[in-house]
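Notes follow the structure.
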Amino acid sequence: MSCMNICPRNAINICEDNTGFKYPKINKELCINCGLCKKVCPVVNKMEENTYNLKAFACKNKNIENRLKSSSGGIFILLAKYIIKNGGVVFGARFNEKLEVVHDYIETEEDINLFMGSKYVQSNINNTYKKAKKFLLENKLVLFTGTPCQIEGLLKFLGKDYENLYTQDIICHGVPSPKLWRKYLEFLKQENGEVPITVNFRDKKTAGWNNYHVNYIYKNKEENVYHNNDIYMNLFLENIALRNSCYNCQFKKTVRKSDITIADFWGIDNINPNINDEKGVSAVLINSKKGEKLFENIKNEIEYYNVKVTDIEKYNPCFNHSTSYNKKREDFFYDLDNLTFNELIERYIK
Ligand SMILES: Cc1cc2nc3c(=O)[nH]c(=O)nc-3n(C[C@H](O)[C@H](O)[C@H](O)COP(=O)(O)OP(=O)(O)OC[C@H]3O[C@@H](n4cnc5c(N)ncnc54)[C@H](O)[C@@H]3O)c2cc1C
């Protein structure tokens with residue numbers, strides 16, 4: 001969506017295709033052929049390699065309550081707090097009132113919880129790149145967080161380095177379709193008579209971090225489903241409904257363009273079993289001088305251990321490899337329009 005954000009004539013409409021992912025469409029009547037849309041496209045114009053001497057850590061937020069509320073080791077909340085305490089704004093992914101996942105910004109510590117927790121749906125960037133630029137030009141500190149492609153999209157849109165900009169990405173499995181998520185919410189409404197008020201994809205309360213559950217809160221009840229038994233998580237982890245580009249992702253790489261990369265430290269038990277208390281451990285990769293500064297400023301609030309980059313790579317294939325294509329993907333999206341959700345489950349879930 002860098003193209004839509006940069007277009008001086010608002011000539012780019014974003015339209016959903018049959019898989020529910022958004023793609024740009026140029027309105028030829030408004031287009032003046034300035035070429036800016038192509039110039040800022042992170043797919044058409046690959047960014048030069050980051051040659052920074054990467055540093056890697058296993059980390060845990062010392063505040064156990066905040067770590068339990070986070071998906072991994074609770075690092076995002078600390079980065080966001082640091083920026084907001086210094087008068088800045090933080091961009092990230094939240095649920096809106098319809099439980100759609102959208103990018104937005106926050107300016108207060110109370111609002112950080114809106115962005116906390118992984119939402120396994122592609123978030124809508126909308127016009128947040130433009131909004132971030134406005135804050136940067138007002139000399140505010142900005143922390144922009146998201147998937148690696150969203151960060152490179154922002155950097156291409158901005159076209160130059162801003163000293164007051166910090167970026168944080170995640171190790172990303174791939175993003176599921178917003179249409180699948182909508183249909184799943186409709187299915188939950190049918191089954192329960194209402195849509196949930198909120199969903200936590202990575203609940204640790206029931207059985208800890210490794211055995212995470214999906215937590216659904218309804219008006220009068222709460223449900224916890226072990227992730228391997230959860231319908232939506234099955235579809236996500238089967239790679240059947242990811243964005244097409246996720247199967248050939250050019251943004252998953254060892255040294256990212258973001259300042260700092262955060263992830264789950266899967267496999268920590270093979271490296272140092274004493275660290276894992278089942279409340280969440282993060283893998284943190286420092287990709288730039290600015291990333292070092294961010295890390296320096298949250299160091300007092302975390303327990304951290306130096307690790308090798310290969311320790312992260314070994315147990316987290318999505319770090320620098322695309323997710324494998326599921327051959328049933330095309331059929332799945334056809335059936336998503338033509339079968340009931342129960343029929344879909346029968347056909348596609350083991
Ligand atoms: C779609 C997706 C796939 C992921 N795949 C992997 C993986 O394969 N391996 C791995 O180790 N980690 C993966 N993660 C990252 C991991 O789940 C945690 O988000 C990360 O470790 C941060 O944890 P935390 O405890 O520090 O903070 P949390 O509070 O848990 O994370 C909040 C951060 O996640 C961002 N975020 C949440 N949902 C989205 C979204 N839909 N799009 C963009 N940003 C979002 C927020 O903006 C914020 O920056 C994935 C996350 C998402 C959203």
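None of the values given here were measured: they were computed from a predicted structure. Both counts, for ligands and for their atoms, begin at 1 and track the order of listing.
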Give the ring-plane orientation class for F135 versus Y105, where under 30° counts as parallel, over 60° as perpendicular and anything between as tilted.
perpendicular
Assign the ring pair W181 / F95 to parallel, tilted or perpendicular, where the plane angle (0 to 90°) is split at 30° and 60°.
parallel
Quick one: are the ring centres of [X] and [Y] less than 6.0 Å apart?
X	Y	result
H173	Y120	no
F201	F236	no
Y315	F265	no

Tell me which pairs pass ring-ring contact (aromatic ring centres under 6.0 Å, His included) where either residue lies in residues 203-225, with sequence neighbours left out.
W209-W266, Y212-H227, H213-Y226
Which one of [options] has a non-hydrogen atom at the shortest distance from [atom]?
atom	options	value
atom 15 (C) of ligand 1	I171, T323, L242	I171
atom 40 (C) of ligand 1	G74, A93, P178, S70	A93
atom 1 (C) of ligand 1	A80, P148, G174	G174
atom 27 (O) of ligand 1	W209, F201, F76	F76

Is [X] near ligand 1, meaning one of its heavy atoms is under 4.0 Å from it?
X	value
R202	yes
R67	no
Q168	yes
I77	no

What do we get for D264 next to ligand 1 when only non-hydrogen atoms under 4.0 Å count, side chain, backbone, both or neither?
both
Could you pull out all residues at least two apart from E223 that satisfy salt bridge (charged side-chain N to carboxylate O under 4.0 Å, His left out)?
K221
Which residue and heavy atom of the protein sit nearest [atom], plus the separation:
atom	value
atom 35 (C) of ligand 1	F115 O, 4.4 Å
atom 30 (O) of ligand 1	S71 N, 2.8 Å
atom 3 (C) of ligand 1	H173 N, 3.6 Å
atom 19 (O) of ligand 1	S118 OG, 2.8 Å

Strictly by modelled atom types, are Q150 and T147 linked by a side-chain donor-acceptor pair under 3.5 Å?
yes
Quick check: S72 and ligand 1, any N/O pair under 3.5 Å apart?
yes
Where do S118 and S71 land on the side chain to side chain donor-acceptor pair (under 3.5 Å) test, with the steps shown first?
CA-CA 6 Å; S118 303; S71 296; 3.2 Å; yes
